[in-house]
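Working notes for the structure below.
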Amino acid sequence: MGFVVLADGMGGHSGGDLASRVVVTEVFSALKRFGSDIERMENRITQILERALVAANAAVARCAKEDPARRGMGATLLAPVVFGQRLYWASVGDSPLYLFRNKRLQRLNANHSVAARLEQLVRSGRMLPETARRHPDRACVTSVLAGGKIHQVDIPAKPVALLPGDIVLAASDGIQALEAKQIGDLIGQDIGSSAAGLSQKLLQAVLDAGDPQQDNLSFSIIRIPPAAANHGVEVAPKPRARARRKVALVASAHVQSGQLVFQSLSKSSA
């Protein structure tokens, strides 16, 4: 069993830092609370994630109310949870959750952003691809934990079945400085390396891309080993790239020698 909690903050450096830390702490604590009874945790995982999400949103609201300067602060959320070879998740916002299998990378979670809506317009023939690519609001999120109504939530009722050798990549939107095909190619070229090794390779590729719109990079890789049912999952905490405007925080946990091992919060910020 293993899980990752990632929050990408917004609302200025100070507000974004606080919002992302609050969201990660609330969701991480909710998952940790059930860590001693993994079977019970899986049986209730969707409810646990739903309640954690609501609690995190309420905590952001309280923080914003305490200081008018924090008005507008918020954070996206991405929290994948793996039990053996079953993947659940909760997500709000645009942070992608990818699955790499059989040399193919696919996004699993919903993309709560203007970009996703523009792509729907392109597919329906109501907008030209070039117009969508150049839209000034393309990067705006359409759902976020900011203390108010949460407009879109992605918490699947049933898990995605994982296979031995699968790789799950949980990332902030900064990873999209690379095209999905580039990410898949990079993973496929070095499929036998450790999760930590793959993380460093992806980090360097994003840095080399030099995308002027890339404002943060946080991610964790979860590798499902051949004996997943017996040995849990390998979780590589996210590497960090220098962020310029936004703050992203990650915390993770995994099974080691039969025990759930928790790793402290880490952050990438300006």
Side-chain angles (χ1 to χ4, degrees), residues 1-6 27-28 31-32 34-46 48-49 77-91 95-110 154-172 175 178 180-203 205 217-239 250-263 266:
M1 179 266 182
F3 65 81
V4 172
V5 183
L6 184 153
V27 178
F28 186 84
L31 292 171
K32 181 178 179 180
F34 290 86
S36 60
D37 190 341
I38 294 176
E39 182 177 355
R40 179 168 176 256
M41 182 179 182
E42 182 174 5
N43 289 337
R44 299 181 57 191
I45 190 60
T46 56
I48 292 170
L49 289 170
L77 169 68
L78 176 58
V81 185
V82 177
F83 296 93
Q85 292 173 259
R86 298 171 300 282
L87 171 65
Y88 303 82
W89 69 82
S91 69
S95 297
L97 179 66
Y98 293 114
L99 171 65
F100 182 82
R101 175 186 293 169
N102 296 330
K103 300 181 181 181
R104 180 173 176 264
L105 186 80
Q106 66 177 114
R107 180 167 181 158
L108 297 177
N109 66 328
D154 185 13
I155 304 180
K158 295 182 179 180
V160 168
L162 299 173
L163 301 176
D166 281 351
I167 292 175
V168 177
L169 172 61
S172 67
I175 196 72
L178 304 175
K181 185 179 185 305
Q182 289 177 277
I183 299 171
D185 288 346
L186 285 166
I187 296 175
Q189 289 166 10
D190 205 8
I191 191 68
S193 67
S194 66
L198 286 174
S199 294
Q200 291 304 316
K201 186 173 182 179
L202 286 169
L203 169 60
L217 176 59
S218 299
F219 63 87
S220 284
I221 287 176
I222 302 173
R223 179 190 285 279
I224 309 302
N230 296 325
H231 301 292
V233 296
E234 176 191 3
V235 179
K238 65 102 181 158
V250 172
S252 63
H254 65 283
V255 172
Q256 181 175 304
S257 301
Q259 299 295 318
L260 200 57
V261 178
F262 300 96
Q263 293 165 322
S266 54

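The first residue of the sequence shown is numbered 1, and numbering continues consecutively from there. No hydrogens, no waters, no symmetry mates; every other heavy atom, side chains included, goes into these values.
Smallest separation of non-hydrogen atoms from Leu6 and Ser95: CD2-OG, 3.8 Å. Here the shortest heavy-atom pairing between Ile224 and Gly84 reads CD1-O, 4.5 Å. In terms of heavy-atom proximity, Ala110 sits nearest to Asp154 at N-OD2, 2.8 Å. Of all heavy-atom pairs spanning Pro164 and Gln85, the tightest one is CD-NE2, 3.0 Å. Nearest heavy-atom pair across Trp89 and Leu108 is CZ2-O, 3.5 Å. When all heavy atoms of Ala180 and Leu105 are compared, the pair lying nearest together is O-CD2, 3.3 Å.
Atom CZ of Phe34 is separated from atom CD1 of Ile45 by 8.5 Å, given to the nearest 0.5 angstrom. Of the inter-residue distances, the one linking Leu99 atom CG with Gln106 atom CD reads 5.0 Å to the nearest 0.5 angstrom. To the nearest 0.5 Å, atom OG of residue Ser218 and atom CG of residue Leu78 are 11.0 Å apart. With rounding to the nearest 0.5 angstrom, the CD1 atom of Ile191 is 5.5 Å from the CZ atom of Arg223. With values rounded to the nearest 0.5 angstrom, Ser172 atom OG is found 9.0 Å from Phe219 atom CZ.
Under the salt bridge (charged side-chain N to carboxylate O under 4.0 Å, His left out) criterion, Lys103 pairs with no residue, sequence neighbours left out. With sequence neighbours left out, the side-chain contact (heavy atoms from CB on, under 4.5 Å) criterion links Ala205 to Leu178, Leu186. Every side-chain contact (heavy atoms from CB on, under 4.5 Å) that Arg107 has, sequence neighbours left out, goes to Pro96, Tyr98, Asn109, Asn111, Gln176. With sequence neighbours excluded, the residues satisfying salt bridge (charged side-chain N to carboxylate O under 4.0 Å, His left out) with Arg86 are Glu42. For Asp190, the salt bridge (charged side-chain N to carboxylate O under 4.0 Å, His left out) criterion is met by no residue, not counting sequence neighbours. For Asn43, the side-chain contact (heavy atoms from CB on, under 4.5 Å) partners two or more places apart in sequence, or in a different chain, are Glu39.
Residues Phe3 and Tyr88 place their aromatic rings such that the two centres sit no closer than 6.0 Å.
Using a 4.5 Å cut-off on side-chain heavy atoms (C-beta onward), Ser220 and Ile222 make no contact. Leu31 is listed as a side-chain neighbour of Val5, based on a closest heavy-atom distance under 4.5 Å. Within the 4.5 Å cutoff, side-chain heavy atoms of Leu169 are placed close to those of Leu202. Residues Met1 and Val82 fail the side-chain proximity criterion, which asks for heavy atoms closer than 4.5 Å. Considering only heavy atoms from C-beta on, Pro159 stays 4.5 Å or farther from Leu87 through its side chain. By the 4.5 Å heavy-atom criterion applied to side chains, Val168 and Ile221 are not counted as neighbours.
Arg101 places no side-chain N or O within donor-acceptor distance of the main-chain N or O of Gly165, the cut-off being under 3.5 Å.
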